[in-house]
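First comes the structure, then the notes that go with it.
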Amino acid sequence: MDLEAKMELISKGTMEIISPEELEKKLNKANPVAYIGYEPSGKIHLGHAITILKMIDLQKAGFQIKILLADYHAFLNAKGSLENIKKISEYNKHCFLSLGLSNDAQFILGSDFQTKEEYTTQVYQLATLTTLVRAKRSMAQITRESEHHKVAEVIYPLMQVVDMISLKVDLSLGGLEQRKIHMLARENLPRINEEAPVCIHTPLLHGIDGGEKMSTSKGNFIAIDDIPLEIKEKIKKSYCPAGIIEGNPIMEIAHHFLFRENEKILIKRPEKFGGDLELSYLELRKLYQNKELHPLDLKNTVTEYLIEFLEPVRAYMEKNYPQGM
RNA sequence: CCCGCCUUAGCUCAAUUGGCAGAGCAUCGGACUGUAGAUCCGGGGGUUGCUGGUUCAAGUCCGGCAGGCGGGACCA
């Protein structure tokens, strides 16, 4: 793969790369490292999957992959006891592998290094450089909704910034909700004489209820290991206004999952409604926008393809993590 | 450390003098749309923060504890 093809592969489906020039340099470097951190979660859903698929792209483009199982971060974000969070992280590791990440990806537990002296010293250094308002603002889309804000909330982003240098990463991937923390890293790491990584943001998937963001806590997600019947029922009840693409979770799922491996998709449609169609993503958008494709036909198609797309996940989990969550 | 106020359904809040714990929103189901939503109809949902006491009877009165909010004090 030449540089141009790598850039193309990496940027496909992302919101932004900060910055493309720096990314090119990293691609020319020997053994560059790309990382992403996740708070261990009882369910890994399609929103997580978008970022894992992008990590797979980065892996194909020559990056060494580090996945941070951020147990302390989840703990700071009031997700439960550290013990339970660690247990969940083992399940998550298998979920990520099930999506096709190759075995040489490294999985790192946050608590294995986040209490070392060098690490905490750097957290304290950043604490002296970061205003409370800035730290809180960076957490706006990440913190559990609560009026009773805890100090943990402002420690969280500082730790995330230090993770990047502790793990020696060249590139940090995250959903768009990570943007403000990433920007904090880009701004403050140089101030403690460290190089900031390239930051790439993927779009956020809307919840199936049409909510702003698919999230485990809101229950508006499709999990990657949901059984076919569950996927079917969830898509059936999903928000999907006719003619509207903006904020439409079903169109988003089609975009990111059906067209990942297919140039065109087959839409099966009863004769009385116009018969079958074979469409590229752009054609699908146009037809849907013009209301020439009914939401139900879209839903049926997405259901069928998504169940097939996630089949390897279910097969992997059954074989390697049969106990489930 | 001291004082005051607060804690009731997933959320926001009602409940008379101590007398069968309710409403709105959310959720779930049905109707209507060739999807969902919207709309109409219907259902479920509770250890009233925990704990001890008074009483025939406690969400309500008294004590203790926990959590939250506010104030005071301490500041050599």
Side-chain angles (χ1 to χ4, degrees), chain A residues 39 41-43 45-47 49-50 74-82 84 132-133 136 139-156 203-223 226-259 265-279 281 283-310 325:
Chain A
E39 287 184 27
S41 167
K43 281 290 175 186
H45 55 63
L46 297 182
I50 285 188
F75 179 68
L76 290 171
N77 205 4
K79 298 290 171 68
S81 73
L82 202 54
N84 191 45
L132 272 176
V133 170
K136 282 166 77 172
M139 289 293 288
Q141 295 178 72
I142 295 167
T143 320
R144 284 211 137 185
E145 58 282 346
S146 162
E147 307 163 49
H148 311 305
H149 296 285
K150 302 292 170 23
V151 173
E153 185 178 332
V154 295
I155 297 174
Y156 184 120
L204 298 180
L205 223 43
H206 285 81
I208 57 172
D209 57 357
E212 204 46 47
K213 185 187 169 208
M214 187 173 280
S215 74
T216 312
S217 58
K218 284 185 181 157
N220 60 2
F221 62 86
I222 293 174
D226 274 347
I227 60 171
L229 180 64
E230 211 165 343
I231 294 173
K232 198 172 167 181
E233 280 172 354
K234 283 180 177 178
I235 289 179
K236 176 176 154 47
K237 70 173 191 180
S238 290
Y239 174 77
C240 186
I244 297 191
I245 291 168
E246 191 69 26
N248 184 328
I250 305 304
M251 277 300 279
E252 289 174 348
I253 291 169
H255 183 193
H256 293 287
F257 296 96
L258 308 207
F259 291 101
I265 58 168
L266 176 66
I267 293 177
K268 290 180 195 161
R269 194 166 63 165
E271 276 305 325
K272 64 169 174 173
F273 295 126
D276 294 358
L277 291 166
E278 200 169 358
L279 302 174
Y281 177 59
E283 289 165 342
L284 171 68
R285 274 183 73 100
K286 196 172 170 198
L287 242 66
Y288 193 78
Q289 206 151 26
N290 293 340
K291 298 193 182 179
E292 289 165 39
L293 179 67
H294 192 276
L296 189 55
D297 294 319
L298 174 68
K299 281 187 172 180
N300 289 337
T301 304
V302 168
T303 299
E304 199 172 312
Y305 274 88
L306 189 63
I307 286 172
E308 189 192 329
F309 183 85
L310 294 175
M325 268 312 288

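The structure presented is a predicted model; accordingly, all values stated were derived computationally and were not measured. FYI, side chains are in, hydrogens and waters are out, and symmetry mates aren't considered; it's all heavy atoms of this structure. Letters go in sequence order (proteins before strands), and every chain restarts at 1.
- A/Asn220 has its CG atom 17 Å from the C1' atom of B/C28, to the nearest Å.
- For the pair A/Lys291 NZ and B/G34 P, the computed distance is 14 Å after rounding to whole Å.
- Atom NZ in A/Lys232 sits about 16 Å away from atom C1' in B/A36, given to the nearest Å.
- Base engagement by A/Lys299 is indicated by at least one non-hydrogen atom pair under 4.0 Å involving a base atom.
- Taking only distance into account, the side chain of A/Asp209 never meets the base of B/G37 through a donor-acceptor pair shorter than 3.5 Å.
- Salt-bridge formation is not detected for the pair A/Lys136/A/Glu153: no Lys NZ or Arg NE/NH1/NH2 atom is positioned less than 4.0 Å from an Asp or Glu carboxylate oxygen.
- A/Tyr281 has its ring centre less than 6.0 Å from the ring centre of A/His255.
- Across all strands shown, A/Asn300 has no heavy atoms under 4.0 Å from either base or sugar-phosphate atoms.
- Residue A/Leu266 holds its CG atom at 6.5 Å from NZ of A/Lys268, rounded to the nearest 0.5 Å.
- With A/Tyr156 as the aromatic partner, A/Lys150 does not meet the cation-pi criteria of under 6.0 angstrom to the ring centre and within 45 degrees of the ring axis.
- Rounded to an integer number of Å, the gap from CD of A/Glu246 to P of B/G37 is 21 Å.
- The distance from atom CD1 of A/Ile244 to atom P of B/G37 is 15 Å, rounded to the nearest whole Å.
- With centres under 5.5 Å and a plane angle under 30°, the ring of A/Phe273 is stacked against the base of B/G34.
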